[in-house]
Structure formats: structure tokens, C-alpha cells
Amino acid sequence: MTARESLPMDIFAELSWRQLVHQTTDDQNLPRWLAERPRTVYAGFDPTADSLQVGNLVAVMILRHFQKAGHRPIALVGGATGMIGDPSGKSEERNLLSVDVLRANLAAIEAQLQRFLDFDCGASSALMVNNHDWMGRFGYLEFLRDVGKHFPVNVMLTKDSVRSRLQRTDVGLSYTEFSYMLLQAYDFVHLYDEYGCELQAGGSDQWGNITAGIDLARRLCSVQLYGMTCPLLTRSDGAKMGKTASGTLWLSPEKTSPYHFYQYWINLDDSDVGTCLRFLTELGPEEIKAVMDEHRTDPGRRGAQRRLATEVTRLVHGPDGLATARQATEIFFGAEVGELSDAQLQGIFADVPSSQLPRDRLAGEGLSIIDALFESGLAKSKGEARRTITQGGAYVNNRRVEGIETCLGPQHLVGESTVVLRSGKKKYALLRFTGG
RNA sequence: GGGGGGUUUCCCGAGCGGUCAAAGGGGUCAGACUGUAAAUCUGAUGGCGAAGCCUUCGCAGGUUCGAAUCCUGCACCCCCCA
């Protein structure tokens with residue numbers, strides 16, 4: 001999709017109907033400016049962890065939309081800014097990451113971003129940059145003279161990110177974090193100089209940093225750059241999207257299995273599905289409307305959640321990840337554990353605790369189901385195991401265990417060496433019989 | 001300094017010499033129901049076991065055939081009067 005003077009779609013209209021536009025620095029002219037010809041837009045990602053999370057996905061999607069619309073996206077990873085820590089939206093001073101951790105995080109995040117953008121499609125090919133490449137060369141004195149001179153402290157003090165921290169008496173704000181906005185501001189100027197990037201996108205908490213960059217560009221280069229922010233993705237109950245009892249929902253399959261990722265969306269509250277469909281999928285307005293209409297007719301089927309989970313999981317984990325997640329879902333909700341190999345089981349039950357037992361435990365009379373539940377950790381004591389079985393809450397390979405006399409033998413093995421135990425509706429554990 | 005009350009099983013909280021593994025509630029775990037939700041209902045809830053046995057009621061001793069329950073000392077907590 002090579003972009004010439006004619007653009008394949010109106011990006012501003014696209015983002016608007018998705019309600020992804022929270023604020024812009026020029027409501028009057030930005031839509032027209034974007035429609036005129038291909039532009040270059042950037043969004044930044046901080047290497048605070050070795051994976052992006054769901055919250056980052058909104059910015060990623062925005063870059064994708066820009067690219068689809070014929071513009072050129074730049075994904076910036078904050079090798080330099082990550083060393084400082086952005087105070088925006090943070091209630092307290094952050095601990096600095098070590099250089100090694102930072103380097104590993106950067107590499108991981110760069111790899112993740114690769115899959116969301118097209119880096120080889122002519123004029124609108126995406127770019128990946130690391131601000132450490134230009135910030136690292138700056139000397140302190142040089143930076144103060146060239147950049148710091150243009151920042152009136154009284155203006156900096158009015159930024160929300162700074163002010164909210166100064167108002168609190170229990171936490172402070174270090175000079176380091178206070179200076180963060182200078183770095184991000186300079187990034188914007190640098191990307192303008194280097195790549196003609198004139199627009200920065202980010203979450204609504206980035207407003208102060210974005211406008212700081214625009215101010216700096218005006219002073220240093222006498223140009224008018226643009227900024228736009230999107231709403232932060234939150235749930236209707238106020239909680240952050242992508243936070244679960246067990247922690248953050250990561251995009252990395254190592255940190256959050258495709259199954260859990262898929263399940264998060266399946267379980268999403270009805271009132272949040274619409275927003276997520278608009279924010280996190282590329283379905284068009286008609287299709288989303290159709291999905292939502294159908295969902296309202298029969299909320300029990302949770303068609304909207306299913307569609308959302310399908311789309312987002314496919315986007316993040318690819319068709320294979322989606323397939324694994326779906327297969328795992330079927331099994332987790334009671335489907336027969338049939339002819340699966342150890343490797344498949346390993347994938348499906350990636351997050352499930354497993355224990356190793358010597359294979360000869362299955363020989364002779366076999367392994368008592370009570371001991372099996374106890375040793376797998378599903379029951380804290382043999383009494384508890386007994387109870388669970390008596391009450392009909394124990395399952396072997398998803399078949400209910402009928403009596404406490406049941407013993408496991410080789411005939412219960414699935415795959416090469418695995419027995420799938422379950423207690424209650426969805427508490428699973430694997431037993432792996434090895435050796436001998 | 002003087003006087004009084006407390007410390008119970010995951011939590012709160014009954015118990016006041018045997019029938020106490022210890023009422024009740026919460027939580028938790030199963031089951032039913034359900035939209036993989038919420039609410040509700042049912043059952044279970046120290047450990048090992050077929051009966052039965054073992055370990056628990058702040059800590060250490062003692063009285064008794066027998067103690068969470070009585071006595072003595074110790075530790076911690078709370079309240080009242082100075």
C-alpha cells in the first residue's frame with residue numbers, strides 16, 4: 001500500500017468514530033492537515049518491562065491505523081527516557097532500572113512491536129527508533145545549553161504530571177523525573193529533523209510531554225508540530241484494563257499465555273465490550289454495530305466477547321496462538337481430553353502446575369486417586385481430597401471420578417506420560433509420569 | 001502504684017470439669033443453578049484412617065479417673081482509679 005498524494009482512508013474520521021481521539025493540539029486544522037498528504041507520526045513505548053501490556057496496545061493500534069491510512073508510523077522505544085522514568089500518571093517516584101534489565105527490555109519490546117507494523121511497504125513503511133541513539137551522545141552541559149534553556153520552569157511546574165506530584169506531601173519528585181519531559185520533548189524535535197515527523201500520538205497522560213515537544217520545536221526550529229492523545233483504556237468499574245487478580249495482562253506469550261489472554265476478553269463485562277472492539281480491533285463500524293446488536297439480543301451467548309477475544313488474540317498471538325487458546329478453552333470447560341500429545345498438553349496447560357512422579361507408581365494396583373490429588377497439590381490434605389471426590393468434584397482427564405477407591409493406572413495416561421487432574425470447575429493440575 | 005477484663009481451631013466469636021475436634025457467623029472448598037457473571041440454595045471444612053487413633057483452645061507446670069474449662073507462675077493485650 002504505497003501512499004502517494006491520495007490516501008486510502010481518512011485517518012481522523014477513522015480514529016474519531018472509534019473514539020480514540022481525546023485531545024488534539026489543533027482541532028481546527030489537524031483533520032485537514034492529515035487528509036492533505038502522507039504524514040509521519042510517532043508514539044513512544046517505555047521499556048519498563050520485558051513485554052508490552054494491554055495498555056500499550058491502544059497506542060500500537062493507533063500507529064497501525066495511521067499506517068493503513070497511508071501515513072508513516074514511527075515506533076520509538078525509550079532507551080534513554082527509560083533510564084529516567086516518566087512521572088506522568090505515576091503516583092510515586094520510580095526505581096531506576098539497571099542498564100542490563102533495560103537493554104533486555106528494549107530488545108523484547110522491539111521484537112514485539114515488529115509484528116504489529118509493516119516495516120517494508122514502501123513510503124509508509126514503519127520505523128523503529130531508540131532515543132538512546134541520539135540522547136546518549138549528549139553531554140550534560142550541552143543539553144542544558146541547547147535544550148534546557150528553552151524550558152521555563154514556571155511552565156514546567158504547571159504540567160499535571162509535575163503538579164500532582166508536588167501537591168502530595170507523602171511522595172516527592174526527584175530532579176531526574178522532573179527533567180523527563182525535556183527528553184521526550186527533544187525526541188519529537190529530533191524526529192522532526194531526522195524524519196520529518198510532525199505528529200506525536202500518545203495516551204491522555206502524555207499531553208504535557210507532547211505539548212512540551214511542540215513548544216520546543218517552535219523555539220528551536222520555528223515549526224508548528226501537532227499532537228493528539230487517546231483516552232486511557234479503563235474499565236467501566238474504574239479499574240485499569242488488563243489488570244487481573246493475578247497481575248498484568250502482558251502481550252508476551254511467555255508472561256501471559258494465549259489462553260489466559262483469550263479468557264480475559266471472554267470474561268470482560270458487557271459494558272466494556274463495545275469500547276474494546278473499537279479500540280483494540282480493526283473491525284469496521286458496521287461490523288461492530290452488528291456484533292453489538294446481536295449481543296444485545298442474546299447477552300448470554302456473549303457473542304461480542306467471543307468476537308473481541310478472537311480478534312485481539314489473533315492480532316497479538318497470531319492464528320496459532322488463537323487456535324491454542326481456543327483448544328485450551330474447550331478442554332478447560334470440560335471437553336474430553338482425547339488424543340493429545342504431551343507437547344500439545346504442555347501448550348494448553350502451560351499455566352497449570354504440574355508435578356513429576358516416577359512411572360512405576362502406576363504399576364500394580366495403581367496410584368490411589370486420593371494420593372494423586374494430594375500430590376498434585378489440588379488438595380491440601382488427603383482428607384480434603386477425600387471430601388472433594390465424595391462430593392463429585394474430582395476429575396481425571398475431565399471425567400468425573402466416581403469413588404474414592406479409584407486408582408490411576410497406565411490406561412489413564414494421555415499423551416505419552418500425562419494425567420490431567422481437575423478439582424472443581426476449573427482448577428487443573430498435571431501429573432507427569434517419567435522414568436522406568 | 002491500685003483494681004478489673006482478655007488471649008479458643010484461617011478470621012470473628014461461643015464455651016466455664018466429662019456427651020468438645022469444640023455452637024454460630026465470615027472465609028474457603030465442592031455440588032446445583034447460571035451467561036466461564038452476580039445472587040441464591042445444598043454439603044463440607046485439624047491430621048491419618050474402615051472402626052479407631054493422633055495433634056489443637058497464649059506459654060510452662062499442677063490438681064483430677066478425666067481440663068479449652070479449676071489452681072500456680074510467666075508472656076502479651078485492653079479497660080478503670082491514681
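Only a predicted model underlies this, so the values are computations on that prediction, with no experimental measurement involved. Chain letters run A, B, ... following the sequence lines, proteins first, then strands; residues in each count from 1.
The side chain of A:R387 lies closest to B:rU45 when the candidates are B:rC29, B:rA32, B:rU45. Of all nucleotides listed (B:rC29, B:rG31, B:rG43), B:rC29 comes nearest to the side chain of A:T388. Comparing B:rU36, B:rG31, B:rA30 by their closest approach to the side chain of A:K426 singles out B:rU36.
If you take NZ of A:K425 and P of B:rU34, they are 11 Å apart, rounded to a whole angstrom. Rounding to whole angstrom units, CZ of residue A:R386 and P of B:rG31 are separated by 19 Å.
For the side chain to side chain contact (heavy atoms under 4.5 Å, CB included) with A:F45, the qualifying choice from A:L76, A:L106, A:V60 is A:V60, the only one to do so.
Side-chain contact annotation: A:E282 with A:H65, donor-acceptor N/O pair under 3.5 Å absent.
Within 3.5 Å, a donor on the side chain of A:Q263 pairs with an acceptor on the base of B:rU36, or the reverse. The base of B:rG35 sits with one of its N or O atoms less than 3.5 Å from a complementary donor or acceptor on the side chain of A:D270.
Between A:S381 and B:rC48, a side-chain N or O to OP1/OP2 separation shorter than 4.0 Å is present.
Nucleic acid contact for A:Y262: none, since no nucleic acid atom lies under 4.0 Å from a heavy atom of the residue. The residue A:R422 sits apart from the nucleic acid: no heavy atom pair falls under 4.0 Å.
In this structure, A:F66 and A:H71 have perpendicular ring planes: the angle between them is above 60°, well past the 30° mark. In this structure, A:H317 and A:F261 have perpendicular ring planes: the angle between them is above 60°, well past the 30° mark.
Across all strands shown, B:rG35 has no partner, as no Watson-Crick or G-U wobble contact with both distances under 3.5 Å is found.
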